[in-house]
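Please read the structure below before turning to the comments.
The first residue of the sequence shown is numbered 1, and numbering continues consecutively from there. Owing to the predicted nature of the structure, the values given are computational and were not obtained by experimental measurement. For the numbers below, each heavy atom of this structure counts, side chains included, while hydrogens, waters and symmetry mates do not.
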Amino acid sequence: MATARAYTNIALIKYWGKRDSQQMLPWNSSLSLTLDQFYTETKVTFLPKRSQQQQDEFIFAGVAQPISAKVTRVLSLIRQQADLTNFARIETDNHVPTSAGLASSASAFAALAAAGARAAGLTLDQRQLSILARHGSGSASRSIAGGFVVWHAGHDDQSSYAESLLPRVDFPIVVIAVLVDQRPKKVLSSTGMAQSVLTSPFYQAWVNTAEAGIETMTAAIKARDIPQIGALAEANAMQMHATTLSAVPPFTYFAPLTLRIWELVQAIRIKGLNCYLTLDAGPNPKLICARQDAERVIKALQKDEPQLRYTVCGPGPGVTYIEQTK
Ligand code: 2P0
């Protein structure tokens with residue numbers, strides 16, 4: 001048995017499209033910041049052969065749930081590598097409130113991969129854990145590592161993994177999650193990205209631009225240049241969303257309030273406060289700024305949108321193991 005904790009991450013250069021959905025290989029590399037606020041804790045127990053249980057068991061927040069194909073895929077890979085045939089019990093708790101407007105599949109599959117591998121007696125390094133987590137959810141490959149993380153697209157299973165660029169972030173960057181809508185997303189990210197790949201005439205341009213963005217973003221991170229990191233992240237997010245608007249049929253993750261927040265961010269930037277917006281496969285924007293500016297940014301937005309919830313997140317650690325007391 002083993003228990004692991006993993007935090008969610010925000011992509012500054014996005015992952016948007018698979019070239020191999022069996023192996024979960026992306027078309028382009030991506031780059032993210034692991035956060036310090038929202039995490040998943042997962043305990044995996046491989047049951048003795050004499051146990052009564054005749055299938056894997058998945059318990060979410062204390063309640064038994066049907067096990068998803070993605071969870072089964074990760075468990076099967078672990079059993080294969082460890083040469084095990086035992087069934088597993090997975091007990092998981094999400095400390096990613098749906099009310100925060102952040103996705104939880106990244107932290108969930110990173111925690112599952114780490115806890116499952118250790119429970120099976122495997123000793124995997126960060127790269128191997130990242131590969132394992134990727135098979136559950138692409139963005140989970142990045143939540144294995146802390147701070148700024150790059151997921152190399154690679155060309156096959158073993159070359160597609162994430163690693164830290166800067167594990168200990170020594171400058172005051174923060175991400176403000178803005179909750180504009182907590183309903184489940186209308187187009188699942190895996191469906192949305194497949195639509196963009198198949199039908200957007202801009203898709204190849206997206207791949208080329210995102211790959212080039214990895215280099216410019218890495219330079220901005222090394223220079224500790226928060227306005228440049230923010231500006232590059234905002235441009236990259238809009239390029240990703242351009243592939244949904246140009247898909248056939250077109251779709252978007254923008255809601256009216258998402259656009260309103262973007263307008264306000266642009267207005268406060270003109271007034272001299274450095275703040276930038278990024279957006280994933282849902283309507284809730286994340287703002288990038290310096291910690292010392294976060295309060296002023298939130299106050300400025302609250303003047304127009306006082307009803308929204310704002311959560312300030314700093315850089316967070318990679319996956320860790322939690323010691324069991326029994
Ligand atoms: C990202 N997103 O880089 C991008 C930006 C959403 C927009 O990774 O199909 O849950 O399980 O690999 O990782 C969300 O997609 O998708 C995501 P699958 P995942 O963070």
Side-chain angles (χ1 to χ4, degrees), residues 4-35 38-40 42 44 68-78 80-81 92 94 96 102-118 122 124-167 188-190 193-194 197 207 210-211 213-214 217-218 221 236 240 280-281 315-321:
R5 175 190 289 192
Y7 288 80
T8 191
N9 71 76
I10 289 294
L12 303 173
I13 301 292
K14 310 289 187 192
Y15 147 55
W16 196 246
K18 300 175 182 68
R19 66 172 156 160
D20 183 336
S21 54
Q22 290 296 312
Q23 289 292 316
M24 300 286 279
L25 301 177
W27 273 111
N28 63 277
S29 299
S30 54
L31 195 158
S32 58
L33 180 63
T34 302
L35 303 182
F38 307 112
Y39 62 92
T40 302
T42 299
V44 177
S68 76
K70 288 175 164 192
V71 170
T72 304
R73 179 156 64 189
V74 174
L75 269 184
S76 304
L77 285 169
I78 292 170
Q80 222 172 27
Q81 288 183 38
T92 185
N94 233 348
V96 186
L102 278 148
S104 56
S105 70
S107 56
F109 283 103
L112 174 65
R118 179 171 281 196
L122 295 169
L124 302 188
D125 61 18
Q126 215 175 52
R127 174 175 175 164
Q128 292 165 315
L129 280 179
S130 171
I131 291 169
L132 187 56
R134 190 194 81 228
H135 284 277
S137 205
S139 54
S141 67
R142 300 187 309 239
S143 272
I144 294 293
F148 288 100
V149 177
V150 63
W151 171 17
H152 308 286
H155 52 85
D156 60 10
D157 184 42
Q158 292 300 306
S159 58
S160 187
Y161 66 95
E163 62 180 345
S164 274
L165 262 182
L166 191 63
L188 289 175
S189 47
S190 49
M193 57 178 90
V197 173
V207 173
E211 279 298 341
I214 297 285
M217 183 64 84
T218 301
I221 290 165
N236 177 268
M240 177 200 119
D280 295 305
V319 75
T320 50
Y321 288 101

Any side-chain heavy atom of Ser32 sitting closer than 4.5 Å to one from Ile10? no
If you measure from CZ on Phe109 to OG on Ser139, what distance do you get to the nearest 0.5 Å? 9.5 Å
Side chain to side chain, Ile131 and Gln158, heavy atoms closer than 4.5 Å: yes
Given 3.5 Å as the limit, does a donor-acceptor pair link the side chain of Asp280 with the main chain of Lys14, or not? no
Below 4.5 Å, heavy atoms only, C-beta onward: do Gln81 and Gln128 meet side chain to side chain? no
So which heavy atom on Lys18 is nearest to which on Val197, and how close? N-CG2, 4.2 Å
Ser107 versus Thr8, side-chain donor and acceptor atoms under 3.5 Å: no
Counting only N and O atoms by type, is there a donor-acceptor contact under 3.5 Å from the side chain of Tyr7 to the main-chain atoms of Gly146? no
Salt bridge (charged side-chain N to carboxylate O under 4.0 Å, His left out) against Arg5, all qualifying residues, sequence neighbours excluded: Glu41
Would you check if His135 and Gln23 make a side-chain contact, meaning some heavy-atom pair closer than 4.5 Å? yes
Knowing that exactly one of Arg142, Arg127, His152 qualifies, which makes a side-chain hydrogen bond (donor to acceptor under 3.5 Å, both in side chains) with Glu163? His152
Student check: side-chain heavy atoms of Tyr161 and Leu129 closer than 4.5 Å: no
List the atom of Thr42, the atom of Ala111, and the distance in Å for their closest heavy-atom pair. OG1-CB, 3.7 Å
To the nearest 0.5 Å, how far apart are CZ in Arg118 and CD1 in Ile78? 13.0 Å
Spatial distance of atom CD1 (Ile13) from atom CG (Asn236) [nearest 0.5 Å]: 4.0 Å
Just verifying a value: how many Å separate Ser164 OG and Gln126 CD, rounded to the nearest 0.5 Å? 5.5 Å
Any side-chain heavy atom of His155 sitting closer than 4.5 Å to one from Arg19? yes
Under 3.5 Å, is there a donor on one side chain and an acceptor on the other for Ser160 and Trp151? yes
Checking Leu124, Ile144, Val149 against Ser130 for side-chain contact (heavy atoms from CB on, under 4.5 Å), the one that qualifies is Ile144
Short question: side chain of Ser29, backbone of Ala153 - any donor-acceptor pair under 3.5 Å? yes
Beyond-backbone contact of Met193 with Trp27, side-chain heavy atoms, under 4.5 angstrom: no
Determine yes or no for a side-chain-to-main-chain donor-acceptor pair under 3.5 angstrom, with Ser137 supplying the side chain and Ala140 the backbone. no
Looking only at heavy atoms, which two atoms of Ala4 and Val319 are closest? And how far apart? CB-CG2, 4.2 Å
Qualifying residues under salt bridge (charged side-chain N to carboxylate O under 4.0 Å, His left out), relative to Asp157, sequence neighbours excluded: Arg134
Output yes when a side-chain donor or acceptor of Ser159 lies under 3.5 Å from a complementary backbone atom of Asp156, and no otherwise. yes
What distance separates Phe38 CZ from Asn94 CG, expressed to the nearest 0.5 Å? 11.0 Å
Nearest atoms (heavy-atom pairs only) where Val44 meets Ala115: CG2-CB, 3.9 Å
Do the side chains of Ile221 and Leu31 get nearer than 4.5 Å, heavy atoms only? yes
Find the distance between CG (Leu112) and OG1 (Thr40) and round it off to the nearest 0.5 Å. 10.0 Å
Minimum heavy-atom distance between Ala113 and Val74, given as atom pair plus value: CA-CG1, 4.4 Å
Is it true that the side chains of Asn9 and Thr34 contain a donor and an acceptor less than 3.5 Å apart? no
